[in-house]
Amino acid sequence: VAEPYLDGLRLPETMHRPEPEDWKLALEVSEWAMERLTDRRSTFPPRRWPDQLPPIQAEGVGAVAAWDILRDDVLSTALPSDHPRYLAFVPGAPTVAGVLADMAVSAAGIYAGSALEGGAVVVAERAALRWLADLAGLPDTAHGTFVSGGSTANLSALVAARHAVKARTGRQPSTILVGAGAHSSISAAADVMGCSVVFAGDIDGRFDGTALRTALAGVDRDDIVAVAATGGTTNTGAIDDLASLADVCREHQLWLHADAAYGGAALLSERCRHRFAGIEQVDSLTIDPHKWLFTPFDCAAVIYRDAAVARRAHAQRAPYLDAVNGDEEDNPADYATHLSRRARGIPLWMSLVANGTDAYTQAVDACLDLAEYAADRIEAGEQFELACPPSLSVVVFRRRGWVRADYERWSAAARRSGLGLVTPTSVSGAPALRFCFVNPATTIMDIDLLLDSLSRHR
Ligand SMILES: Cc1ncc(COP(=O)(O)O)c(C=O)c1O
């Protein structure tokens with residue numbers, strides 16, 4: 001083969017072209033991946049951290065040695081969020097097809113910001129977004145993109161809302177009206193945008209049209225960026241009254257955003273769907289497939305009722321981008337505060353195609369069953385009480401008589417012993433523990449183990 005490079009100029013091709021040992025290593029990494037997905041229980045608790053990782057230096061150690069270190073000293077120390085007794089925060093439990101697609105996306109070298117480069121990758125992501133938009137009952141004009149997380153999705157939606165209001169009033173609005181139980185990312189987005197937040201309603205309750213009307217009384221309507229509601233709060237799973245909020249927003253021409261990052265998956269369940277009534281009227285929506293839709297991190301959807309409005313807010317213009325910015329182009333980069341992006345919707349798309357949506361409904365229902373079982377056991381046990389009514393797959397509860405330090409001690413002991421990850425929170429100003437079920441591989445035995453340990457703990 002002719003040497004393709006100019007005299008004296010050699011690419012470090014051993015870094016970019018697989019050598020025979022890399023082919024062997026690829027099989028080893030794949031086997032490791034499949035073993036890990038087969039047994040997601042034994043990877044908890046993490047091993048001790050190494051005192052020192054190898055230095056990054058001029059001479060490399062080779063991929064085989066680097067993989068050994070990555071596998072044994074780095075990956076093994078993380079708390080895997082798909083362990084069946086990882087019930088803290090909002091865990092994730094990716095499907096096998098989703099993980100395989102994610103691995104392939106890395107190897108395919110895809111820039112998924114533009115239709116020109118992404119090809120049918122953009123079409124497949126669009127199909128996954130359409131499925132999510134249909135779940136919420138949004139019209140044909142609805143579209144968006146996948147971003148890294150619910151935080152970026154919320155920020156992108158609020159930026160689009162601000163742009164739309166400014167286009168209508170000629171003035172840059174600066175106030176975001178938020179239900180008191182909203183996720184912290186809404187306030188963080190307001191900070192980034194230089195906006196202020198007005199909280200409405202009660203932190204442990206549902207934000208509704210009446211609370212919104214009260215909050216509106218003190219605010220200049222043209223200064224409002226958006227009303228941000230939540231479809232499944234992180235702390236308690238509460239779902240805001242989206243229908244009454246939509247009524248008030250329509251009356252006052254306000255942009256309604258629903259953050260259903262965690263709870264949106266429950267739209268799949270006949271048991272929960274009705275609780276989201278009004279979601280079909282929102283102007284923008286966040287749903288995170290990396291939470292309760294079994295997709296590897298990181299994958300969050302931001303969807304706009306009228307995608308053209310979002311494009312006007314987000315599309316970046318530069319001479320070097322003219323090649324991809326045709327008027328008719330549907331560029332995923334144009335719907336959020338990003339430009340370069342991973343094709344992070346592809347794992348969701350492949351998993352939906354592979355498993356079918358019925359499997360998703362069943363898996364979501366299985367998590368709801370787990371939450372019901374946990375709530376029943378808690379109510380039946382004399383030592384325990386529910387801290388608030390369970391909602392979606394979140395169960396917040398107390399051990400009677402415990403103070404925050406007791407919860408913290410038990411939580412740390414459970415983590416260190418490998419029992420699981422369950423962390424304290426607070427509801428109505430008092431400490432509590434919180435289970436969040438998004439992993440259909442969790443069993444009632446897992447719940448029993450955790451509650452039995454809590455009962456015994458002194
Ligand atoms: C309701 C809600 N919104 C937003 C977020 C933030 O999502 P992310 O961590 O993906 O940025 C979360 C995270 O738990 C959430 O539960």
Side-chain angles (χ1 to χ4, degrees), residues 79 81-82 86-94 98 102 132 136 144-159 176 178-193 197 199 201 203-207 226-240 242 245 256-267 272 275-276 279 282 284-303 336-338 341-342 344-345 347-348 364 367 371 391-396 421-423 425 427 434-439:
L79 298 174
S81 62
D82 57 357
Y86 183 128
L87 303 180
F89 316 116
V90 182
D102 202 50
L132 292 170
T145 188
F146 291 103
V147 293
S148 64
S151 304
T152 304
N154 287 337
L155 171 65
S156 300
L158 293 169
V159 167
I176 302 174
V178 186
H183 188 262
S184 48
S185 56
I186 301 284
S187 295
D191 267 356
V192 171
M193 294 165 69
V197 169
F199 288 104
I203 191 160
D204 296 320
R206 294 173 86 197
F207 178 30
V227 173
T230 311
T233 62
T234 324
N235 204 30
T236 66
I239 304 166
D240 290 341
L242 299 170
L245 289 168
L256 178 58
H257 173 67
D259 175 5
Y262 149 67
L267 287 163
C272 297
R275 299 178 59 200
F276 291 85
I279 199 163
V282 302
S284 55
L285 174 67
T286 294
I287 299 188
D288 289 7
H290 70 199
K291 292 189 166 64
W292 197 2
L293 286 172
F294 321 115
T295 304
F297 297 117
D298 46 17
C299 180
V302 56
I303 301 176
T337 49
H338 62 189
R341 63 180 293 276
R342 177 177 177 78
R344 53 171 63 85
L348 171 66
V364 166
C367 298
S391 182
L392 298 177
S393 65
V394 175
V395 182
V396 191
L421 191 69
V422 178
T423 48
T425 183
V427 169
R434 177 177 163 280
F435 289 157
C436 180
F437 298 100
V438 299
N439 186 347

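Counting starts at 1 for both ligands and their atoms, following the listed order.
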- For atom 11 (O) of ligand 1, closest protein heavy-atom neighbour: Ser151 OG, 2.7 Å
- Message: Show me which atoms of ligand 1 lie under 4.0 Å from any heavy atom of Ser185.
- Response: 4 (C)
- Starting from atom 2 (C) of ligand 1, which protein heavy atom do you reach first, and at what distance in Å? Asp259 OD2, 3.4 Å
- Message: Checking a contact table here: which protein heavy atom is nearest atom 6 (C) of ligand 1, and how many Å away?
- Response: His183 CE1, 3.3 Å
- Pair Ser185-Asn154, side-chain donor/acceptor within less than 3.5 Å: yes
- Task: Look at the rings of Phe297 and His290 and say which category their plane angle falls in: under 30° parallel, 30 to 60° tilted, over 60° perpendicular.
- Result: perpendicular
- Query: Which residue owns the protein heavy atom closest to atom 10 (O) of ligand 1, what's the atom, and how far is it?
  - Reply: Gly150 N, 2.8 Å
- Query: Counting from 1, what ligand 1 atoms have a heavy atom of Val90 closer than 4.0 Å?
  - Reply: 14 (O)
- Query: Which of the numbered atoms in ligand 1 are below 4.0 angstrom from a heavy atom of His290?
  - Reply: 10 (O)
- Query: Between Thr230 and Asp240, which heavy-atom pair has the shortest distance, and what is it?
  - Reply: N-OD2, 2.8 Å
- Query: atom 16 (O) of ligand 1: which protein heavy atom is closest, and how many Å away?
  - Reply: Thr234 OG1, 2.7 Å
- Message: Taking the basic N atoms (NZ, or NE/NH1/NH2) and the acidic carboxylate oxygens, is any pair closer than 4.0 Å for Arg342 and Asp102?
- Response: yes
- Query: Does Ala300 come within less than 4.0 angstrom of ligand 1, counting non-hydrogen atoms of the residue?
  - Reply: no
- Query: Between the side chains of Arg275 and Ser391, is a donor N or O closer than 3.5 angstrom to an acceptor N or O?
  - Reply: yes
- Task: Could you find the nearest protein heavy atom to atom 9 (O) of ligand 1 and give me its residue, atom name and distance?
- Result: Lys291 NZ, 3.8 Å
- Rounded to the nearest 0.5 Å, what separation is found between the CD1 atom of Ile279 and the CG atom of Leu242? 5.5 Å
- Answer with side chain, backbone, both or neither: which part of Asp298 has a heavy atom less than 4.0 angstrom from an atom of ligand 1? neither
- Should you measure from each heavy atom of Gly149, which atoms of ligand 1 turn up under 4.0 Å away? 10 (O), 11 (O)
- Message: Can you give me the closest heavy-atom contact between Arg434 and Val396, atom names plus distance?
- Response: CG-CG2, 4.0 Å
- Task: Find all atoms of ligand 1 within a distance of less than 4.0 Å from any non-hydrogen atom belonging to Asp288, and give their numbers and elements.
- Result: 7 (O), 10 (O)
